[in-house]
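Here the structure is a predicted model, which means the values were calculated and not measured.
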Amino acid sequence: MDELSWVLEKKEQDKLTLLNYLATRSDSFLPIKRIMTSLGWSRYRTLSTIAMLFDDLVTYFPNEPTAYRYDDKQKAVIVDRMVLVDVKTVAFDYRQKSVVWQLLGVIFTGTFDSYEQFAETYHTSVPVARAAKSKIATALKKADIRLTLHNGLVGNEITIRIFFFGLMRQAYGNHEIPFPPEMRERTEQSVLAIANLFNIPLRETTKQAMRMQFTVWYYRLVNDHHLIPEEIPALLTDSAKWDDEHQATRAGLIELMSSFVTLPEVVLEREAEFAIASLYSTGFATSVPLSLLTEMAQKKLARFKTIMKSEYQALFNRELSERILNRVTSQLSATNMRTAYFSVYGYRPTPDLDVARRDFPIHTAFVLQVLHRLAEKMGFDEVVLVNSLFEEYLDAMIRNLSKHSILPTIVVVIDMTNLPALEELIEDRLKRSPMINVILAHEFRPDADFYISDVEISQFGVTPGFIWTRFPDETMFAQFIEQAVLLTKDRFEGQ
């Protein structure tokens, strides 16, 4: 789901909601009634949104095959799953036409002069610009940021920076940031300098995220918005105790800031130390050395590990091995640090829990239970915590928790008529799927949950069968997986 949909007009919000819905279903045939029920829309709203969205897709992707078409006779949307639609590109274009988005950018860069000037520059009216401010103020308030009469940002400086970093991450994750030439050059040079200081491998995604982080940092500093001592989290030890490597990194950051802003030395030192903490908490730098953390911070971060271990024991009635626990904790190190010591509002897109429950119901149940306990034990808002951490936690659990330990087994018989290569291909694909824990056989078993063959086999009786005469495409495989995951879920809940 797009966390930035609030900046759009209602029609664009609806089109994006519909596009996300279509893109995340596994079906190729979606009756209008089902879409109406799923989205809670009227028939008129559904049909008009379909027409507008499909017109937009033709405009944005004129040379691409049609992914979606409406069949009036069948009263359904027909989906070609072989055609992928870039949802982020559509959302990006909608945002560029949004008055709210344009005003938000002017507020962030500190270049707002008057509503009259803004209206003239962006070809809108003063009343529309004022309405946009009201919408922005409502969104900022949720993050404990206040918008002043003259569109200044008031609140915890760290919260403001993370809020706008989250917005930029959503908006420009796969698009070029529209910098003026001078700012583009400064940003590229600064990102390279910071990467060299931290020995950060510069993947394209890392460079893009660091450009965003530097941009937020730069504009806040040049507009004289810097951190005050009360806002600095008690995360890192006194810099005088740091090792030579981190002392040199701190000095390098101070030198970098001095190239574009004039501030007292004590402020530059504070900003450099915060930059180091933020680079660790965003995961750009490797896991933070324990020697850099205060004793209190080490204890606080250890609670994440303790809660995860106890909730695993409670749900699966077995102990999580220390090896796997340490691996999960290491992968979530930056995530947990960010959660414990920085604002998490707007950092990640809101997760689609319905899709997660459909595809990974048991992993999802575990993650939600861990996040519930974290919220309870550490005083977090559970809704914000789920929105911010769910995807990263779910990915870590899928990657690291053994499906053989947490998922009930299902028995699948694969019996093809002299098609050994196809049998092996299907067997390999089933074994690799993280969504199911299968026991595979090639001869009849009375305890079989499913059978896969190129012909119907009467001996299996009412056992569900999947007739595949060729290697299954995504739709065919998704139909099997859907049934297998439902059985896995029912079997787990019945234990």
Between [X] and [Y], which heavy-atom pair has the shortest distance, and what is it?
{"X": "Pro351", "Y": "Phe390", "answer": "CB-CD2, 3.6 Å"}
{"X": "Phe163", "Y": "Leu140", "answer": "CE2-CD2, 3.4 Å"}
{"X": "Val77", "Y": "Phe54", "answer": "CG1-CZ, 4.0 Å"}
{"X": "Leu279", "Y": "Gln213", "answer": "CD2-OE1, 3.6 Å"}
{"X": "Trp6", "Y": "Ile136", "answer": "CZ3-CA, 3.9 Å"}
{"X": "Arg45", "Y": "Lys10", "answer": "NH2-NZ, 2.6 Å"}

Quick check on [X]: does its [atom1] atom have over 12 non-hydrogen neighbours (other residues, nucleotides or ligands) under 6.0 Å away?
{"X": "Arg327", "atom1": "CZ", "answer": "yes"}
{"X": "Leu84", "atom1": "CG", "answer": "no"}
{"X": "Gln247", "atom1": "CD", "answer": "yes"}
{"X": "Glu382", "atom1": "CD", "answer": "yes"}
{"X": "Glu319", "atom1": "CD", "answer": "no"}
{"X": "Lys489", "atom1": "NZ", "answer": "no"}
{"X": "Gln313", "atom1": "CD", "answer": "yes"}
{"X": "Met82", "atom1": "CE", "answer": "no"}

Closer than 3.5 angstrom, by distance alone: can the side chain of [X] be matched with the main-chain N or O of [Y] as a donor-acceptor pair?
{"X": "Lys135", "Y": "Leu8", "value": "yes"}
{"X": "Ser333", "Y": "Thr329", "value": "no"}
{"X": "Thr24", "Y": "Tyr21", "value": "yes"}
{"X": "Thr215", "Y": "Arg211", "value": "yes"}
{"X": "Glu271", "Y": "Leu227", "value": "yes"}
{"X": "Asp352", "Y": "Val355", "value": "yes"}
{"X": "Lys305", "Y": "Leu325", "value": "no"}
{"X": "Asp359", "Y": "Met435", "value": "no"}
{"X": "Thr66", "Y": "Tyr68", "value": "no"}
{"X": "Trp242", "Y": "Ala248", "value": "no"}

Once rounded to the nearest 0.5 Å, what's the spacing between atom [atom1] of [X] and atom [atom2] of [Y]?
{"X": "Ile228", "Y": "Glu231", "atom1": "CD1", "atom2": "CD", "value": "4.0 Å"}
{"X": "Leu315", "Y": "Ser310", "atom1": "CG", "atom2": "OG", "value": "11.5 Å"}
{"X": "Asp381", "Y": "Asn387", "atom1": "CG", "atom2": "CG", "value": "9.0 Å"}
{"X": "Leu385", "Y": "Glu376", "atom1": "CG", "atom2": "CD", "value": "12.5 Å"}
{"X": "Lys299", "Y": "Glu295", "atom1": "NZ", "atom2": "CD", "value": "4.5 Å"}
{"X": "Met397", "Y": "Ile406", "atom1": "CE", "atom2": "CD1", "value": "9.5 Å"}

Is there side-chain contact between [X] and [Y], with heavy atoms separated by less than 4.5 Å?
{"X": "Tyr312", "Y": "Ser405", "result": "yes"}
{"X": "Leu147", "Y": "Lys141", "result": "no"}
{"X": "Tyr393", "Y": "Met308", "result": "yes"}

Lys/Arg cation over aromatic Phe304: Lys309, 6.0 Å, 45° cone: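 No, Lys309 does not sit over the ring of Phe304.
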
Aromatic centroids of Phe316 and Phe366 separated by under 6.0 Å: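 Yes; Phe316 has its ring centre under 6.0 Å from that of Phe366.
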
Chi angles and distances behind the side-chain contact (heavy atoms from CB on, under 4.5 Å) call for Ile481, Ser433: CA-CA 9 Å; Ile481 286 293; Ser433 173; 3.9 Å; yes

Got a list of side-chain donor-acceptor pairs under 3.5 Å for residues 252-267, not counting sequence neighbours?
unit_1: Ser258; atom_1: OG; unit_2: Ile254; atom_2: O; d: 2.8
unit_1: Ser259; atom_1: OG; unit_2: Leu256; atom_2: O; d: 2.5

Aromatic plane relationship, Tyr122 with Phe118 - under 30° parallel, 30 to 60° tilted, over 60° perpendicular: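 Rings of Phe118 and Tyr122: tilted, 30 to 60°.
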
Pair Phe284-Phe198, ring pair (Phe, Tyr, Trp, His ring centres under 6.0 Å): steps then yes or no: CA-CA 9 Å; Phe284 295 143; Phe198 277 86; 9.7 Å; no

Ion pair [X]/[Y], N-O distance below 4.0 Å:
{"X": "Glu474", "Y": "Arg81", "answer": "no"}
{"X": "Arg338", "Y": "Glu392", "answer": "yes"}
{"X": "Arg184", "Y": "Glu188", "answer": "no"}
{"X": "Lys97", "Y": "Asp93", "answer": "yes"}

Trace of the side-chain contact (heavy atoms from CB on, under 4.5 Å) decision for Leu192 with Leu202: CA-CA 8 Å; Leu192 287 174; Leu202 277 181; 3.5 Å; yes

Derivation of the side-chain contact (heavy atoms from CB on, under 4.5 Å) call for Val370 and Arg373: CA-CA 5 Å; Val370 169; Arg373 194 65 67 200; 5.9 Å; no

Pair Ser239-Glu273, side chain to side chain donor-acceptor pair (under 3.5 Å): steps then yes or no: CA-CA 8 Å; Ser239 59; Glu273 291 164 17; 3.1 Å; yes

Under the salt bridge (charged side-chain N to carboxylate O under 4.0 Å, His left out) test, residues paired with Lys11 that sit two or more places apart: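 Expected list: none.
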
Step-by-step side chain to side chain donor-acceptor pair (under 3.5 Å) determination, Asp86 to Tyr60: CA-CA 10 Å; Asp86 188 346; Tyr60 297 150; over 6 Å; no

Identified side-chain contact (heavy atoms from CB on, under 4.5 Å) counterpart of Thr364 within the set Val367, Ile362, Leu368: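 Of the listed residues Val367, Ile362, Leu368, the side-chain contact (heavy atoms from CB on, under 4.5 Å) partner of Thr364 is Leu368.
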
